[in-house]
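Written below as structure tokens is the structure these notes are about.
Just so you know, these numbers use all the heavy atoms, side chains as well, and skip hydrogens, waters and symmetry mates. Chain identifiers are assigned alphabetically (A, B, ...) following the order of the sequence lines, protein sequences preceding nucleic acid strands; residue numbering begins at 1 within each chain.
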Amino acid sequence: MKRYNPKVIEPKWQKVWDETKIYQATDPLSSGKSKPKRYVLEYFPYPSGAAMHVGHVRNYTIGDAVARYGRMRGMNVLHPMGWDAFGLPAENYAIKSAISPQEAVARNIAHFKEQLMQMGFSYDWSREINSTDPNYYKWTQWFFLLLFKRSLAYQQVSPQWWCPFDKTVLADEQVENGRCWRCGNEVERKNLKQWFFKIRDYADRLDKDLDKVNWSPAIKAMQRNWIGRSDGMLFEAPVKGTKIKLKTFSAHFEAFRADTFVVIAPDHPSLPELVKGTKDEKKVLNFAEEILKKRVKQGFTDEEHVEGIFTGRYIEDPVGNGDLPIWVASYALAHYGTGIVKCSAHDERDFRFAKKYNLRLKPVLLPADQKEAKKVRDQKYCYSDMVNGILAEPEEFAGKRAGDVRQKIVKYLVEQKLAKPQISYKIRDWLISRQRYWGAPIPIIHCPKDGAVAVPEADLPVVLPEMKSYEPSGDGHSPLARVAKFVNTKCPKCGGLAERETDTMDGFACSSWYFLRFADPHNQTKAFDKDKAEFWLPVDDYIGGAEHAVMHLLYARFWTKVMFDEGLIGFDEPFSTLRNQGMILAPDGRKMSKSYDNTIEPDELIEQGYGADSIRLMELFIGPWNQSANWSVEGLGGTFRFLQRVWALVEDFLETDAKAKAHNDELAVQIKRTVHRTIKRVSQDLDELGFNTAIAALMECVNELYKLKSDRNFELAQSAWEEGFIALSQLLAPFAPHIAEELWADLGQSGSVHVSKWPAWDKALVKEELITIAVQINGKIRAEIEVSADTAEEAVVEAAKNDARVKTALAGKAIKKTFYVPSRLVSLVTD
RNA sequence: GGGCGAGUGGCGGAAUUGGCAUACGCGUACGACUCAAAAUCGUAUUCCUUCGGGAUUGUGGGUUCAACUCCCACCUCGCCCACCA
């Protein structure tokens with residue numbers, strides 16, 4: 001008998017699939033075909049030098065199963081793959097390996113692609129893209145200019161997070177606990193002129209439109225939290241003895257009559273003006289500087305350690321709180337709200353601050369409980385329940401529950417012209433420029449006369465020049481600043497001498513539109529054709545880990561909305577369904593990483609003889625696709641054994657003499673029943689991505705077929721066996737494509753199993769003839785009875801009552817109530 | 001501190017959404033084959049048991065004829081965010 005040897009059959013079929021191009025998506029515009037489309041996408045990888053391990057493989061295996069199933073269900077499937085190759089990881093790898101990034105990327109892509117190929121994923125390689133290809137980044141630059149044109153890209157000098165190791169600025173999202181997300185080094189604060197995208201202008205839509213998409217609640221919550229919408233009121237008050245008016249934002253304005261002091265952020269741009277002319281002007285400004293330095297070093301972790309200083313100024317509060325002193329406070333943030341806050345006894349931080357500096361407090365929000373209320377009035381603790389608290393002031397709302405009158409207070413404040421409604425967001429504009437070599441150059445020319453001028457579209461792409469030494473300088477400029485030929489140019493507007501922008505774009509710019517390029521990857525004149533984009537997009541299944549929740553996914557949504565506003569596309573959400581797969585951890589329960597030396601690569605496993613099919617099966621069988629799991633080498637042995645059993649069964653059949661000696665109808669029906677029940681289970685499971693249970697169903701099916709085989713013989717039901725095996729190879733196809741294809745061919749089927757029509761189940765065959773009914777007496781199972789499936793309720797209940805064990809258990813007691821769950825159980829209740 | 005999720009055998013997990021808890025796989029034990037081992041095939045495998053049964057889905061309570069599933073309280077673990085007014 002032919003031995004099951006993945007090392008032979010897997011490369012063989014990979015080659016055939018590549019040559020016959022069966023996984024290419026059809027652009028309906030040219031073919032006129034009208035199959036329903038399905039766009040299945042996995043995050044395109046950045047080939048950084050770290051090889052693909054079994055954790056990554058799960059991502060692609062899930063996508064591939066979805067794509068293959070869709071194809072067999074008659075859909076026109078787009079399942080593309082490409083490379084997100086600009087950015088720090090690739091450049092750092094190149095520096096370490098002492099080669100050029102171009103060379104490093106080519107090398108890493110080749111390795112990664114080989115790894116994907118040997119797993120047998122059904123990608124349409126004719127659409128392969130690479131973000132570092134000038135044909136691609138030409139359009140990344142084009143989109144930068146689109147944002148520039150729409151006044152969504154701007155330059156500003158501001159203090160930025162700076163990574164001293166990577167020698168570049170980082171976006172807020174890329175700073176984790178004061179450390180660089182890439183190298184883990186502590187970040188510093190530096191004043192730099194940087195490019196930003198105005199993602200804040202889209203905060204409202206980015207928040208609201210989450211309602212439109214089918215994403216996991218967890219990811220939606222993370223995005224909502226990051227955007228941080230907060231509905232509140234904006235107050236304004238004059239500063240005594242000056243012409244300055246200060247604005248303050250409050251989301252918990254219900255207790256506005258409790259405000260007793262004001263705090264301003266130490267880095268607030270208005271602080272110097274505010275303290276100008278006061279006695280302690282210098283002292284206050286120096287103190288603010290000190291606070292800032294400490295804050296960068298220590299972060300905000302130390303809750304007890306609040307600090308502040310009186311500015312010497314007061315506001316005249318128009319809402320009836322009198323004159324309130326203005327303090328600089330370490331906990332006030334310049335970039336949130338207005339950077340200035342009116343403070344009260346009902347905010348924990350304010351409360352703590354007031355206690356430390358002996359500031360006046362006046363609680364007006366009290367607990368319903370009288371004893372507790374007294375404690376609050378005596379300022380024993382901070383009470384901040386804005387829902388259940390009872391207001392004491394103002395008179396109009398005295399005695400009312402804060403949560404009940406919130407909207408009325410809004411109305412009151414507006415009518416009295418004391419404040420106006422205001423929405424605040426936590427999200428800050430997207431810092432896009434990087435002082436690194438390996439990125440798409442920002443297509444801007446700085447002219448002494450005309451300022452920042454867009455590179456004309458005809459001059460795109462601005463090609464990244466090759467450099468021998470491309471290491472970051474650390475002086476705040478990218479290495480491109482050292483290439484005179486690149487820098488020196490002419491102004492497109494006035495023709496005078498000018499200099500090119502030398503910063504490159506954040507790698508997330510490239511990935512903010514790549515899903516659109518896959519719809520039309522070779523277009524030389526446009527980023528993509530509108531009709532093609534609108535046919536394929538939005539992405540139907542976007543599959544990837546949760547690590548992209550607040551960066552890539554937010555940026556991609558932002559760009560899509562800009563394109564929508566520009567009329568480039570007719571949809572404003574790029575990913576209709578997002579599926580977050582669970583992470584595969586190492587057998588030791590930790591994340592797989594080079595530093596732990598616990599990564600498991602598919603290459604090794606394939607080399608050991610398990611084969612891609614067993615690995616793929618294990619990735620899905622290990623647990624629900626969206627839950628994390630520890631990789632298990634023993635488990636892999638299990639899926640390999642399963643495939644071997646399938647193989648042995650089918651090959652054994654094929655070697656049996658085809659001339660039937662006799663025919664056994666009963667056996668044939670049993671085989672068909674087994675197979676058709678499995679078709680039903682696998683189909684229904686796959687419709688809901690129940691990969692693990694679908695595979696369990698296939699295993700059960702094979703176990704049952706083994707039993708049928710050992711009892712009787714292949715000769716006795718030749719055609720039933722054959723039909724069954726053909727269906728089985730189809731059911732295996734989305735999970736284990738190589739063995740499925742081999743068996744399909746061995747069974748004499750023409751073409752590829754992967755473009756065959758998914759089998760349908762026969763309702764009559766799936767229906768059970770005899771069913772087992774459990775009999776409960778007072779909630780306990782006391783017996784089981786067998787009845788034919790079409791027995792009427794009365795007859796089933798009667799049969800249950802007549803069962804010997806039931807009679808014993810009843811012991812003559814009268815039955816008070818009877819419940820019948822069709823084809824499941826009878827429940828009898830006695831007194 | 002805020003948000004999200006999860007707790008089921010020795011282990012990964014299943015349970016048609018309120019209807020026979022522990023499917024499927026791993027591991028383990030025994031048997032068959034073998035001179036032997038591996039591989040393979042088969043049988044058993046939640047726990048306790050005086051073999052009649054009894055207990056069991058993190059803990060305690062509730063609803064119900066019936067609860068892993070619904071409600072209330074609590075415990076534990078994981079992930080994300082966090083001086084955001």
Can we call the ring centroids of A:Phe621 and A:Phe691 under 6.0 Å apart?
-> no
Only one of A:Leu246, A:Val263, A:Leu271 passes side chain to side chain contact (heavy atoms under 4.5 Å, CB included) with A:Ile340, and that residue is A:Leu246
Runs of at least three consecutive pairs that involve RNA chain B, where pairs are Watson-Crick or G-U with distances under 3.5 Å = B:1-7 with B:75-81, B:10-12 with B:24-26, B:27-32 with B:40-45, B:46-48 with B:53-55, B:58-62 with B:70-74
The nucleotide from B:C24, B:A82, B:C84 with an atom nearest the side chain of A:Trp226 is B:A82
Pairwise N/O distances under 3.5 Å, protein to nucleotides 19-21 of chain B:
| residue | atom | partner | partner atom | Å |
| --- | --- | --- | --- | --- |
| B:G19 | N2 | A:Gln776 | OE1 | 3.1 |
| B:C20 | O2 | A:Glu784 | OE2 | 2.5 |
| B:C20 | N4 | A:Thr772 | O | 3.4 |

Protein-nucleotides 9-14 of chain B N/O pairs under 3.5 Å:
| residue | atom | partner | partner atom | Å |
| --- | --- | --- | --- | --- |
| B:G12 | O2' | A:Ile622 | O | 2.6 |
| B:A14 | OP1 | A:Asn692 | ND2 | 3.1 |

Verify, without hydrogens or angle tests, whether A:Lys362 (side chain) and A:Arg257 (backbone) share a donor-acceptor contact under 3.5 angstrom.
-> yes
Choosing from B:A23, B:G27, B:C81, which nucleotide comes nearest the side chain of A:Asn225?
-> B:C81
A:Thr639 side-chain N/O to B:G25 phosphate OP1/OP2 under 4.0 Å | no
Pairwise P distance, B:A29 and B:C35 [rounded to whole Å] = 24 Å
For the pair A:Tyr4 and A:Trp647, name the ring-plane relationship: parallel under 30°, tilted 30 to 60°, perpendicular over 60°.
-> tilted
Where does the angle between the aromatic ring planes of A:Phe353 and A:Tyr357 fall among parallel (under 30°), tilted (30 to 60°) and perpendicular (over 60°)?
-> tilted
Heavy-atom donor-acceptor pair, A:Arg673 side chain to A:Val766 backbone, under 3.5 Å = no
If you draw a 6.0 Å radius around NZ in A:Lys767, do more than 12 non-hydrogen atoms from other residues or ligands fall strictly inside?
-> no
So which nucleotide from B:G27, B:C80, B:C65 ends up closest to the side chain of A:Lys817?
-> B:C65
Say you draw a straight line from CG of A:Leu210 to CZ of A:Arg224; how long is it, rounded to the nearest 0.5 Å?
-> 4.5 Å
Separation of B:A82 atom P from A:Arg224 atom CZ, nearest Å, is 18 Å
Closest heavy-atom contact between A:Val364 and A:Ala258?
-> CG2-CB, 3.6 Å
Nucleic acid contacts - residues 260-271 of chain A versus RNA chain B, non-hydrogen atoms under 4.0 Å | none
A:Lys247 side chain N/O closer than 4.0 Å to the phosphate oxygens (OP1, OP2) of B:A85?
-> no
Between A:Ser344 and A:Asp350, a side-chain donor and acceptor under 3.5 Å = no
State whether A:Glu236 and A:Lys420 are salt-bridged, where the test is any N-O pair (Lys NZ or Arg NE/NH1/NH2 against Asp/Glu carboxylate O) under 4.0 Å.
-> no
Side chain A:Tyr706, main chain A:Arg645, donor-acceptor under 3.5 Å | yes
Evaluation steps, ring pair (Phe, Tyr, Trp, His ring centres under 6.0 Å), between A:Tyr555 and A:Trp430 | CA-CA 8 Å; A:Tyr555 300 150; A:Trp430 173 11; 3.6 Å; yes
Nearest heavy atoms of A:His346 and A:Pro363, plus distance in Å = NE2-CA, 3.5 Å
A:Ala221 has a side chain; which of B:G3, B:A82, B:C26 sits nearest to it?
-> B:G3
Protein proximity profile, nucleotides 39-46 of chain B - base contact B, sugar-phosphate-only contact S, no contact -, cut-off 4.0 Å on heavy atoms = -SSS----
Ring pair (Phe, Tyr, Trp, His ring centres under 6.0 Å) partners of A:Phe819, counting only residues at least two apart | none
